[in-house]
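Counting starts at 1 for both ligands and their atoms, following the listed order.
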Amino acid sequence: MAAEPLNSAARAAMEQLNAEAERTGLHIWLRTQANAPAQRSWFHDRGLEAGGALAQGRVGANQMKAAPHHWNWQEISPYLDRIGEIARAADVSPIEFADRQQFLLVNPGLAGRLQVASTIRCAVSIYNPGDVAPVHMHTPNASRTILSENGGYTTIEGERCVAARGDLILTPNGTWHDHGNDGATPVVWADILDFPLLEFLDCSWIDDEFPGERESNARAQKPVHADGYSDRLYGRGGMLPGFVSHSRGIGRDTSPIFHYCGIDIRAALDALRAEAGDPYEGVTLRFVNPATGASVFPTLDYGAQLLRPGEATGWKRETANAFYIVLDGEGTTELAGRRFDWQTNDLFIVPNFLWRRHINRGRKDAVLYLCSDRPLFEKIGQYRAQGRSPDGDVVQLTE
Ligand SMILES: [Fe+2]
């Protein structure tokens with residue numbers, strides 16, 4: 001916890017001297033306080049609720065901590081219709097006035113930044129019939145989780161993926177991709193990206209000069225594989241084709257599978273529902289790079305979890321952030337003294353270091369999709385997790 005600010009003449013003098021130093025334009029700062037972290041200590045348990053305090057004063061002015069937050073679909077989704085109405089009546093193509101028809105989720109702890117956590121951005125997009133997002137590639141890794149029944153299509157590295165509700169489509173960094181809606185009803189999906197991380201690293205670029213053959217509309221790439229390519233190559237667990245490199249696009253360490261079908265995800269979860277599952281997560285599946293078993297992106301891990309009626313997970317906290325989309329069911333996530341009651345299509349963020357547990361309060365199974373930046377934390381040697389046993393003892397879940 002940050003110490004209470006010291007109320008002393010010495011401190012006031014230091015602040016005054018600091019203000020003078022600032023006016024010199026020398027770009028120095030006289031230390032008047034520690035840059036106290038927002039989080040509580042890791043080993044000294046202070047209970048389930050408090051989330052730590054930000055530093056005070058000039059240093060603290062720039063310090064931020066992602067807040068727990070829940071976006072209620074009933075409240076936010078009308079804005080998609082309103083965006084769609086403006087786009088339909090517009091005198092120019094929507095791509096020209098807004099680039100995309102979407103709203104981005106803004107974490108209330110991050111001073112208006114377009115991100116839900118330190119590394120994760122989420123936008124909710126609507127594509128009206130006929131809309132096309134032209135072919136491009138970029139450094140952020142991206143995904144879309146389809147929320148409407150009609151999922152439109154995304155073509156990635158020459159593979160056209162026609163999607164439906166519950167599908168997860170991956171567009172790894174360095175892959176050419178374009179999207180569109182050639183159906184009769186609007187398409188709605190949630191885009192998740194590691195955009196804030198790439199921005200922080202000053203490594204965010206986008207390119208739209210696709211060098212390959214285009215469709216007749218000139219905005220989309222022409223498919224070079226028959227539909228279902230990912231599934232034909234990698235759709236049988238434990239068997240890999242020996243004649244391809246498993247690397248697609250110019251990115252590295254990304255999954256060659258671009259399309260997970262919602263019905264397959266649900267069938268796989270249902271097949272496991274009689275198993276005990278994990279005491280802190282329920283029945284879970286991770287989507288992995290089939291060639292390596294690693295996360296689908298070097299930075300982000302995707303998964304799905306099933307909570308059976310009445311199931312309550314144990315309390316857990318991690319050094320990584322977890323962003324959830326509710327695909328089915330209703331329940332509650334208790335998080336750092338707050339309670340989020342969620343239902344279908346709601347989205348919520350569990351920022352790192354905060355205790356949380358999930359409870360299925362409905363009469364049917366609940367399914368959550370999860371995106372976590374755990375792989376990044378693991379790569380930098382900072383992934384840790386703790387749980388609480390039923391009698392309240394803190395258990396180290398990682399070495
Ligand atoms: Fe993109």
* side-chain hydrogen bond (donor to acceptor under 3.5 Å, both in side chains): pairs with one or both residues in residues 107-126, sequence neighbours excluded ->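 For residues 107-126, and leaving out neighbouring residues, the side-chain hydrogen bond (donor to acceptor under 3.5 Å, both in side chains) pairs sorted by first residue read Q102-S125, S118-N321, T119-D373, S125-D191.
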* Hey, mind stepping through D182 and Y127 against side chain to side chain contact (heavy atoms under 4.5 Å, CB included) and telling me if it holds? -> CA-CA 10 Å; D182 51 7; Y127 287 74; over 6 Å; no
* Measure up the H138 and H177 rings against each other and bin them: parallel (under 30°), tilted (30 to 60°), perpendicular (over 60°). =>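 Rings of H138 and H177: perpendicular, over 60°.
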* To do: Taking 2.8 Å as the upper limit, name the protein N, O or S atoms near the Fe ion (ligand 1).
  =>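 Result, waters dropped: H136 NE2, H138 NE2, H177 NE2.
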* **Derivation and outcome, ring pair (Phe, Tyr, Trp, His ring centres under 6.0 Å), residues Y260 and F287** => CA-CA 8 Å; Y260 290 90; F287 306 144; 4.6 Å; yes
* Do L193 and I120 touch side chain to side chain, with heavy atoms closer than 4.5 Å? -> no
* **Single-linkage hydrophobic cluster W342~L354, side-chain heavy atoms < 4.5 angstrom** =>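 Yes, same cluster.
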